[in-house]
Amino acid sequence: MAVHEQMEYDFCVVGAGPAGLCCALRLKQLQPDKSVCVLEKASALGAQSISGAVLEPGPLERLLPHWRSDYTGMKVAAAEDDVRLMTRAGSIKLADWMVRMSPLHNHGNFIVSLGQLTPWLGQQAEALGVDVFPGFAVTEALVDDQGGVKGVRIGDMGVNKDGSEGPNYAPGVEIVAGTTVLAEGARGSLSKQLIERYQLGRAYLRTGLQGTLAAAAGAGQARPDRAFVWLAAGCRDLWRQLFVPPRQ
């Protein structure tokens with residue numbers, strides 16, 4: 001039986017996208033004496049964050065007040081909104097007053113490259129003392145005797161295509177953490193495992209959102225005897241879970 005080396009952290013974040021890195025940054029800001037690590041399956045930060053995005057600067061400014069002057073990547077102020085309803089023959093442009101009344105109004109926002117923003121956020125996290133590990137894919141969660149998540153296990157190294165152990169085989173490291181944060185999205189492999197394991201349906205997602213908001217409001221007063229697992233769900237996945245009835 002393979003012996004897995006163990007590393008202990010107070011917080012372990014799975015997924016080094018903007019959400020995971022910002023989470024690690026905030027945890028370290030609130031509790032600088034706690035140890036925090038971030039695990040990313042991609043070979044480099046931002047390697048799988050290649051799309052552009054429209055960034056609302058308010059939350060990032062509260063997290064990193066000097067980001068506008070420190071961040072040298074692409075950030076272009078959104079100058080105009082052009083929202084259209086697509087038809088079979090073409091498109092219909094929504095009136096400006098309608099856009100201004102909707103979340104699609106981007107006045108004051110910035111167009112950024114996630115492929116540039118993500119590595120920069122990783123640098124800010126490491127500067128605060130967060131351990132960021134790209135190139136390490138998490139394969140499963142570690143579960144304690146009470147059924148709670150106590151960390152994660154990284155995939156074995158040096159495995160042949162047929163699953164056998166190669167000459168450079170090394171068992172994956174186990175990260176034991178007081179709190180494990182999943183920031184890989186609702187379609188992430190580990191998130192899927194835990195959703196199935198704990199039967200996280202619609203009611204649990206609603207409760208999870210309320211719990212996440214409550215935990216965020218009192219982040220400095222976290223209970224030492226409980227570990228929360230936060231699931232980062234995409235808007236489309238969350239909409240389907242909450243409002244779209246299942247197929248019969």
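- Using a 4.5 Å cut-off on side-chain heavy atoms (C-beta onward), His4 and Asp156 make contact.
- With contacts defined as side-chain heavy-atom distances shorter than 4.5 Å, the pair Gln124/Leu64 qualifies.
- Hydrophobic cluster membership is shared by Ile175 and Val143, with clusters built from Ile, Leu, Val, Met, Phe, Trp and Tyr side chains linked at under 4.5 angstrom.
- In terms of heavy atoms, Leu194 sits closest to Ala141 at CD2-CB, 3.9 Å.
- Salt bridge Asp81/Arg84: absent, no basic N to carboxylate O contact under 4.0 Å.
- Between atom CG of residue Leu182 and atom NZ of residue Lys192 there is a gap of 13.5 Å, rounded to the nearest 0.5 Å.
- Taken together through direct or relayed side-chain contacts under 4.5 Å among Ile, Leu, Val, Met, Phe, Trp and Tyr, Val13 and Leu63 form part of one hydrophobic cluster.
- To the nearest 0.5 Å, atoms CG (Leu142) and OG1 (Thr180) are separated by 8.0 Å.
- Val36 has its side chain out of reach of Tyr9: every pair of non-hydrogen atoms, C-beta onward, lies at least 4.5 Å apart.
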Residues Cys22, Leu121; criterion side-chain contact (heavy atoms from CB on, under 4.5 Å); working and verdict: CA-CA 7 Å; Cys22 287; Leu121 288 172; 4.0 Å; yes

If you apply the rule side-chain contact (heavy atoms from CB on, under 4.5 Å), what do you find for Phe110 with Glu56, and how did you get there? CA-CA 7 Å; Phe110 289 90; Glu56 181 182 347; over 6 Å; no

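- Using cut-offs of 30° and 60° for the angle between ring planes, the Trp67 and Tyr71 rings count as tilted.
- With rounding to the nearest 0.5 Å, the separation of CZ in Arg62 from CD in Gln29 is 12.5 Å.
- Atoms CE and CD1, on Met86 and Ile92 in that order, are 10.0 Å from each other to the nearest 0.5 Å.
- Using a 4.5 Å cut-off on side-chain heavy atoms (C-beta onward), Phe11 and Ser35 make no contact.
- Gly20 approaches Ala183 most closely through the heavy-atom pair CA-CB, 3.6 Å.
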Take Lys41 and Glu184, measure what salt bridge (Lys or Arg N to Asp or Glu O under 4.0 Å) needs, and give me the verdict at the end. CA-CA 10 Å; Lys41 63 182 178 181; Glu184 57 173 1; 5.9 Å; no

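- Here CD of Gln116 is found 12.0 Å from OG of Ser49. Values are rounded to the nearest 0.5 Å.
- Residues Glu61 and His66 are not in side-chain contact: their nearest non-hydrogen atoms beyond the backbone lie 4.5 Å or more apart.
- Nearest heavy-atom pair, Ser91 versus Thr87, reported as atom, atom and distance to 0.1 Å: N-OG1, 3.7 Å.
- Among all heavy-atom pairs drawn from Val132 and Gly122, the shortest one is CG2-O, 4.4 Å.
- Remark: side-chain polar atoms of Asp70 are not paired, donor with acceptor, to backbone N or O of Arg68 under 3.5 angstrom.
- Shortest non-hydrogen contact noted between Thr118 and Leu21 is O-CD1, 3.3 Å.
- Between Asp131 atom CG and Leu39 atom CG the span is 10.0 Å, to the nearest 0.5 Å.
- Counting only heavy atoms from C-beta outward, the side chains of Thr139 and Leu190 never approach each other to under 4.5 Å.
- In terms of heavy-atom proximity, Gly15 sits nearest to Val38 at O-CG1, 3.8 Å.
- Under the 4.5 Å side-chain heavy-atom criterion for ILVMFWY residues, no single connected hydrophobic cluster contains both Leu114 and Val54.
- Residues Asn109 and Leu55 are not in side-chain contact: their nearest non-hydrogen atoms beyond the backbone lie 4.5 Å or more apart.
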Between Glu40 and Val14, does the side-chain contact (heavy atoms from CB on, under 4.5 Å) criterion hold? Intermediate values first, please. CA-CA 7 Å; Glu40 169 58 38; Val14 181; over 6 Å; no

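- Using modelled atom types, one side-chain atom of Asp162 and one backbone atom of Ser164 make a donor-acceptor pair closer than 3.5 Å.
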Taking distance alone, no hydrogens or angles, what donor-acceptor pairs closer than 3.5 Å link side-chain atoms of residues 144-154 to residues at least two apart or in another chain?
residue: Asp144; atom: OD1; partner: Gln146; partner atom: N; Å: 3.0
residue: Asp144; atom: OD1; partner: Gly147; partner atom: N; Å: 3.0
residue: Asp144; atom: OD1; partner: Gly148; partner atom: N; Å: 2.7
residue: Arg153; atom: NE; partner: Glu174; partner atom: OE2; Å: 3.0
residue: Arg153; atom: NH1; partner: Glu140; partner atom: OE2; Å: 2.9
residue: Arg153; atom: NH2; partner: Glu174; partner atom: OE2; Å: 2.3

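- A heavy-atom distance below 4.5 Å is not found between the side chains of Val181 and Cys12.
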Between Gln193 and Tyr198, does a side-chain contact (heavy atoms from CB on, under 4.5 Å) hold up when you go through it step by step? CA-CA 9 Å; Gln193 292 178 26; Tyr198 296 110; over 6 Å; no

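- Criterion: ILVMFWY side-chain heavy atoms under 4.5 Å apart, direct or through other members. Under it, Val76 and Val112 are not part of a common hydrophobic cluster.
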